[in-house]
*Asks:* 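Starting off with a structure, shown below.
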2 protein chains.
Amino acid sequence: MMQVPQGTVLFRPEDACQGFVVVHSGTIKVTLTAENGREIVLYRVRPGEVCLQTFGCLVNRTTYSAEGVAETDCALEVVPAGEFERLVENDPVFRTRLFGAVAARFADLERLVEDVALSSVAERLARALLRLAGSADAVDATHEALASEIGSAREVISRQLAVFAREGLIAVTRGHIELTGRARLEALAHLAE
Amino acid sequence: MMQVPQGTVLFRPEDACQGFVVVHSGTIKVTLTAENGREIVLYRVRPGEVCLQTFGCLVNRTTYSAEGVAETDCALEVVPAGEFERLVENDPVFRTRLFGAVAARFADLERLVEDVALSSVAERLARALLRLAGSADAVDATHEALASEIGSAREVISRQLAVFAREGLIAVTRGHIELTGRARLEALAHLAE
DNA sequence: CGCGCCTTGGTGACATAGTCACAGACCGGC
DNA sequence: GCCGGTCTGTGACTATGTCACCAAGGCGCG
C-alpha cells in the first residue's frame, strides 16, 4: 500500500510501467495533452477500480500514452507484473473484477469519442457540469479546468458559461458555478444522446 | 463458422449480444453514428482478432453502443457466452490473445480521442489517407466515406482534398485518390503526434 | 494599508471547421 | 442519348478555436 498526496503525477506518456495499480481511496485523473498545450480528460479511476493504463503496459509491454495525476490524496496498491499474471491465471474474483473494469472503461472511451466527435460544446459542457456536480448543486472549477474536461479552450468555456448564465441555468463566480436551472441543464445535456 | 457477405450489419446499438466474435477472414468496421447522421469509424477488426463490442456485452451484460458492418466478405466464428467463459477460465492461449486484443483496442481508442479532440482536419485527413492506402499509392473512397473515417463532414473533406491537390500532395478523381507527394503527406501527418 | 504579482476571467478580431442549400458532373441502365 | 442516382463543388452562414491583450480578484509582504 502506498500513500500519495493530491497533485502527484503518477505516470506520464512514455514512462515505463512499474506494476498494476489498484486504487483504494481517492481518485486518479487520466488525461491526454497535445504539444500546443490543449488537454482532455479521458476518465477517472475511483476507489476499488483498477488503472487500465497499467493494464496496457503489462499486457503488451508498451509504455503509457496518457498522464495520470492524483486528483485527491490517494491510497494505492501496486501489484508487480509477475504477481499480476499469477492473479489473472489463478484468481477468478480478481479476473472478473479486472474484466468488468476493462469493459466499463472501454465503453467510457467510446462514449467520449462520440461526445467529442459528434456533439456541440453546449451539450458537452452541460454534461460535464452535471457530472462534476454529482448530487451537489454547485461545481468548484476554473474555466480552464472545464475546458480540459471537455477538450476545448478556456475562452470558449467562458463564453458558453456566459450564455448559460444569461439563460438562468447557472450562476457564475470566480472558480465556482451554481447549478440553478438544473432541470433545463439536464434537458440540454440529453438532447444528443 | 459463419460466412457473411460484404455490407452485412453484424450488430447495431442496443442489440443484445449473441456471443463472442472471432474474425477468420475479412474485416469488420465498427462505427458510431449520431442522430444528425454524422458518423465516425472507431476501429476495424481484422483476421485473427476478436470483436470487443461483444466483449463488453458478455462481461457486463450490457448492449452494443456501436454499429458493426462487414467491410468485405467475412468468415466469422461465434463463441457462445458459456463457451467464452470456459475458454477464459481454462485456455491460457485464448486468454492471452484476448488480453492483447483488449489492450491494443484500448490504445487505439485513446489515440482516436487524441486525434479527434486535439488535432486539425488536415492532419487527420492526411493520416487517414495514409492508413487506408497502406503500402499502395492510392485510395478508393468517396469524400463521404473519408468524412466518416475522421468524424467530419463531406464538404470539409472536399475542400481539404482540393487544398492537398493544389499543393501537389494528391490527385483526385471521382472515388479515387492518388498519393503523389506521399513524403510531404507523411510529414503533415506527423506534425502533431 | 498600499503595492506588486499571479491567477482567473472577459473581449475583439481573426482562423478553422461544420451546416445548409443548391448546382453541376459523372455513371450506369435503358 | 436520356434519366435517375450518386458524387462533388461552392457560397453563405454558424460554431468553434486561436491570439493578443486587458481587467478583476486574491494574496503576500513591506
*Asks:* Using a 4.0 Å heavy-atom cut-off across all strands, classify B:Arg38 as base, sugar-phosphate, or nothing.
*Replies:* sugar-phosphate
*Asks:* Which residues satisfy the side-chain contact (heavy atoms from CB on, under 4.5 Å) test with A:Asn90, sequence neighbours excluded?
*Replies:* A:Arg86
*Asks:* Okay, side chain of A:Arg95, backbone of A:Glu89: is any donor-acceptor separation there less than 3.5 Å?
*Replies:* yes
*Asks:* Under 4.0 Å between a side-chain N or O of A:Ser158 and OP1 or OP2 of C:dG10?
*Replies:* yes
*Asks:* Output all residues satisfying side-chain contact (heavy atoms from CB on, under 4.5 Å) with A:Thr142, sequence neighbours left out; order by chain, then residue number.
*Replies:* A:Glu144, A:Ala145
*Asks:* Mind checking side-chain contact (heavy atoms from CB on, under 4.5 Å) for B:Val30 and listing every partner two or more places apart, or none if nothing turns up?
*Replies:* B:Phe11, B:Ile28, B:Leu42, B:Tyr43, B:Val45, B:Gln53, B:Ala66
*Asks:* Among residues 142-156 of chain B, which contact DNA chain D at a heavy-atom distance under 4.0 Å?
*Replies:* B:Thr142, B:His143, B:Arg154, B:Glu155
*Asks:* Out of C:dT19, C:dA17, C:dG12, which has the shortest distance to the side chain of A:Arg159?
*Replies:* C:dG12
*Asks:* Test of understanding: with salt bridge (charged side-chain N to carboxylate O under 4.0 Å, His left out), list the residues that count as partners of B:Glu49, not counting sequence neighbours.
*Replies:* B:Arg105
*Asks:* With B:Glu167, which residues qualify under salt bridge (charged side-chain N to carboxylate O under 4.0 Å, His left out), at least two apart?
*Replies:* none
*Asks:* At a heavy-atom distance below 4.0 Å, which nucleotide of DNA chain D is the first touched by chain A, and which is the last?
*Replies:* D:dT16 to D:dG26
*Asks:* With sequence neighbours left out, which residue pairs that include part of residues 139-183 of chain B fulfil the ring-ring contact (aromatic ring centres under 6.0 Å, His included) condition?
*Replies:* none
*Asks:* According to ring pair (Phe, Tyr, Trp, His ring centres under 6.0 Å), who are the partners of B:Phe84, at least two apart in sequence or on a separate chain?
*Replies:* B:Phe20
